[in-house]
Structure formats: C-alpha cells, structure tokens
Number of protein chains: 2
Amino acid sequence: LLTLEGVRRVHGSGAREVVALDGVDLTVRLGELVAVMGPSGSGKSTLLNVAGGLDTPTSGTVTIAGDVLSEMDAKGRAALRRKRIGYVFQDFNLIPALTAAENVSLPRELDGVPARRARTEAKAALAEVGLEKQARRFPDELSGGQQQRVAIARALVGPRRLVLADEPTGALDSVTGEAVMRVLRARVDAGAAGLLVTHEPRFAAWADRTVFLRDGTVVDSTGTDEP
Amino acid sequence: LLTLEGVRRVHGSGAREVVALDGVDLTVRLGELVAVMGPSGSGKSTLLNVAGGLDTPTSGTVTIAGDVLSEMDAKGRAALRRKRIGYVFQDFNLIPALTAAENVSLPRELDGVPARRARTEAKAALAEVGLEKQARRFPDELSGGQQQRVAIARALVGPRRLVLADEPTGALDSVTGEAVMRVLRARVDAGAAGLLVTHEPRFAAWADRTVFLRDGTVVDSTGTDEP
Ligand SMILES: Nc1ncnc2c1ncn2[C@@H]1O[C@H](COP(=O)(O)OP(=O)(O)OP(=O)(O)O)[C@@H](O)[C@H]1O
Ligand SMILES: Nc1ncnc2c1ncn2[C@@H]1O[C@H](COP(=O)(O)OP(=O)(O)OP(=O)(O)O)[C@@H](O)[C@H]1O
Ligand SMILES: [Mg+2]
Ligand SMILES: [Mg+2]
C-alpha cells in the first residue's frame, strides 16, 4: 500500500543544512505492521510525516495505493489524508475547543459522514482505548496519557487503510500501552497497513518487522529481508 | 525539603466530580530521588503540579523548605518556583518564539541573572543533554525528543533545590533516556530533592525509592518504609 523510494528530506541550506532523511526505501503492505526504531533525532517523525503526505521530500517518491503523492494536487492529498490515512501525532495535536468525542469524530464529519453516525463511531473508538467515561471532557481536563489515547482513537475511526503512529505509547503505562497495541494490531489484521514509531522493544515486538533508523538512513531491519 | 500531607485534589463537583488525588502523604529530602509510577489517569501529573505550587490542593498541606505554600501570596509562590523549583512538563511547555538556548535561560534571566551568564549556563545545560549543536534552533525545528531535552535542561539550570520531572524520558530512546537519568541523578546527588514521574521501571530504578499511585492514592512503595 505504501512505498517510499529514495526519500531524502533536507532542512535549511548551506552551512545550516540538516539532513533529516538521507535516502530511505520502505514498503508497507495491507495487513502488515512495521515498527520504526532509532535514537532521538534520527528522522522517525520526518519519515512518518513524509509517508502521510504532511511533509514533502526533497527528493524521492512516496506512493500510496498506487497514487504518487508528488503528482497529486493539494486538494487530492488532503482528501487522501482525510479518508485513508489515520495519523497519531507525537504531540497529539488535539483541538482544545472540542471535546474528546468531537475531536475523534471531526475527520469523519469533515468527510461528509452524518454527525450522528460519526459520533457513534467516536464513542466506540474511545471505549476501545478505555476512555468511554471521558467522551465529553476537553483536552485540558484530561491527563497526558488520556490525551494520547484520544489522538489514537481519532486515527482509527472509519475505513483507514494506512495508520501512521508516532510513539503512541509514549505517555502510557505498560498495561494501557498493551491495550493500545492490541487495538492497533487488530486494525492492521483487519486490512490496514501500519507504520509505528516506537522506542519500546516490547511494543515493536507486536510488529511483523522492525526497521532501525540512524541519522536519517535505515541501518538494519528484522523480520523479512525486504526493505 | 518537600512534604505533602493529606493532599486531596478534586475537579468539578456533584455528579461530575473527579477525585484526582485522594489523600496523599509524601516526603522528599535533599539528596533523595523519589520515583512515582502508576496507570494513566492515576494522578501523577496532578501530584507534581500540587508539589510545585502550580495547582492548589482542595485540602491538605504542601510545605517546601519550611514554607507552607497555602500561607504564601501569589507573588511569593511565583518567586519560589522561579528560584528553587525546576519543572519538566509532560507536554514540555516550550515558548515557540524563543530558541532552545533562550528557552533554557529564560527563568534565570527573569530572576535577575545577567543575560550573558544565563546564556553560558544554558549552553552548558544543553550540552549535558546532548543538544549543544541545536542551541539556536526554535522548538518547531526540533524533534520531539529534542524538545523534551530542552525542557529538561531548562529545569536543571541554576540553584534548583526541587526538581519535578513529569515523564522526562517519554519521547526518548533508551540510550538518550539513560543520559538524561544520569544528569538528573547527578543533580540530586549534588543536593537537590527530586520527584520523577515515570512509567519505565528501568528509569525508576535510578531512584532511591518508588511510590505507586492508583486512583489518586499511594497503594504501595519500595525502598525505605517511610512515606
Ligand atoms: N480539569 C479537569 N477536570 C476533570 N478531570 C480532570 C481534570 N484534569 C485532570 N483530570 C483527571 O484527573 C485524573 C488525574 O490526572 P493526571 O493528569 O494527574 O493523571 P496522570 O497520572 O498524570 O496520567 P498520565 O499518566 O496519563 O499522564 C485523570 O483521571 C484526569 O482525567
Ligand atoms: N525545521 C527544521 N529545521 C532544521 N532541522 C530540523 C527541522 N525539523 C526537524 N529537524 C531535525 O531533523 C532531524 C530529524 O527530526 P525527527 O523529528 O524526524 O526526529 P525523530 O527521530 O522523530 O526524533 P525523536 O525520537 O526525538 O522524536 C532532527 O535532528 C531535527 O532536529
Ligand atoms: Mg519524533
Ligand atoms: Mg500525566
């Protein structure tokens, strides 16, 4: 479903140039969960942003379900993200003025789903991550780990085909983290492609294979020997 | 240095009441690092906010270096926080318009330290967490783990006597996390009192004792048998 070929991402130029990604090849199939591990600053979030079309590579190609992202217009990319890609941001990115349930149902409502159905889906997704009682709270009335779980629920509603999760267990204790991994794994088994950035080996173990990033390049990988 | 007695913190009232802390007793001495563990939503951040005077308990007492927080005026509490308490927030709380070095030196400059000395201190603190090259970058030009390390550096500059760290390794790989724990431990050994919220047992192991929170109360503790 997702293919990255020769992807480079450079910030700045000249003396101040920072190479965040330095030629990355990666393929994720439907039904496959790939974990990405690596030191702080090695390019993991950049990899996810580029994979999801939130950031444009300096060179190289990103293809999702046969569509080459660089050949789509901004409108087409936005529609693709809304419909097909679920994104769990490293800093959650919740909307402060909306409740937990409203945050979760927003992408679906923007996609034309009737409010009632979107809200029902949202409540079910919140229940899956243990937040059924917090549906009507605002982000600033939630703990860090609760906010993270709202972000996770939002990424999982609807017919997402690609789930991109940036350290989704960073603010969670291990028991709650396990529950989240179970939901994510079930989603992938149901037919999505999943890319999971994590620095926890025990959560990477839920993936079909793990890719190791260092200084913007893939230095090693486990599982199958395809990139 | 830090004493919490009978601390309760309740949000809302009536049917919507949420008891974040339900009667907590805790003592942290200079030279002592205490870890706090517990499930998501169990009250860890609330405990730290109350300990640092950023939140007021519904009942109970907080005493820092002999000063009872509830008996101080707002100005006195603010001065205490600026001078004596270093806080690493779960969501980092960096100022987007300031560079990494400026973010780290700000509390000291607000405290009357000459800009030049504050900036030298800031660069040294950033070097301690591996960010010497990133001193002049803005928060949005940094990775999640780099932002977290800026927040850590900011909490450690100057003559802090109490360091309150809310999951300071949440966005870090284990090698970088170890480096941070080393810096924190050194700070405590040099004479500070440290309270560390973490959900990682291997980082809690750096503490002198660990307190376990569940539903707002202390349910267990390791190390010495004092609370
Ligand atoms: N303004 C608020 N109104 C209602 N409930 C609140 C409010 N702020 C926090 N809470 C609740 O208080 C409880 C404790 O929150 P706290 O942030 O201390 O948890 P935590 O242990 O730090 O969790 P995490 O590990 O997820 O960061 C949670 O159940 C949270 O939902
Ligand atoms: N706007 C920018 N300008 C310059 N450098 C940047 C910018 N944005 C990111 N970087 C750098 O690109 C590199 C990769 O960043 P990225 O956020 O992908 O790392 P990461 O692996 O997700 O790190 P972490 O584990 O800390 O979240 C880092 O060195 C970062 O400082
Ligand atoms: Mg990142
Ligand atoms: Mg918290």
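Below, read A as the first sequence line, B as the second, and so on, with proteins coming before strands; counting in each chain starts at 1.
Ranking A/P39, A/G177, A/S45 against chain B, the residue ahead of the rest is A/P39, based on heavy-atom pairs under 4.5 Å. Of the residues considered (B/R149, B/K44, B/M37), B/R149 shows the highest number of contacts with chain A, using heavy-atom pairs under 4.5 Å. Ranked by non-hydrogen atom pairs under 4.5 Å with chain A, the options B/G130, B/G12, B/G144, B/P201 are led by B/G144. With chain A as the partner, the residue from B/A171, B/G43, B/G41 showing the most heavy-atom pairs under 4.5 Å is B/A171.
Atom CZ of A/R187 has more than 12 heavy atoms from other residues, nucleotides or ligands within 6.0 Å. The 12-atom threshold is not exceeded at CZ of A/R214, counting heavy atoms of other residues, nucleotides or ligands nearer than 6.0 Å. More than 12 heavy atoms of other shown residues, nucleotides or ligands fall within 6.0 angstrom of atom CG in B/D189.
Nearest approach of B/R16 to A/R136, heavy atoms of both residues: NH2-O, 4.5 Å. The two residues A/D173 and B/S40 come nearest to each other via the heavy atoms OD1-N, 2.7 Å.
Heavy-atom distances place no part of A/T46 under 4.5 Å from chain B, backbone and side chain included. Only the side chain of A/S143 comes within less than 4.5 Å of a heavy atom of chain B; its backbone N, CA, C and O stay farther away. For A/Q90, the part sitting under 4.5 Å from any heavy atom of chain B is the side chain, from C-beta outward, and nothing else. Neither the backbone nor the side chain of B/S42 comes within less than 4.5 Å of any heavy atom of chain A.
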How far apart are the C-alpha atoms of A/S174 and B/H199, what are their side-chain angles, what is the distance that settles it, and do they pass the side-chain contact (heavy atoms from CB on, under 4.5 Å) test? CA-CA 7 Å; A/S174 52; B/H199 53 254; over 6 Å; no
Verdict with reasoning, B/D91 to A/Q147, per side-chain contact (heavy atoms from CB on, under 4.5 Å): CA-CA 11 Å; B/D91 63 357; A/Q147 292 174 12; 5.9 Å; no
With side-chain contact (heavy atoms from CB on, under 4.5 Å) as the criterion, how do A/R137 and B/V18 come out once you've worked through the C-alpha distance, each side chain's angles and the decisive distance to 0.1 Å? CA-CA 11 Å; A/R137 292 222 208 134; B/V18 176; 3.4 Å; yes
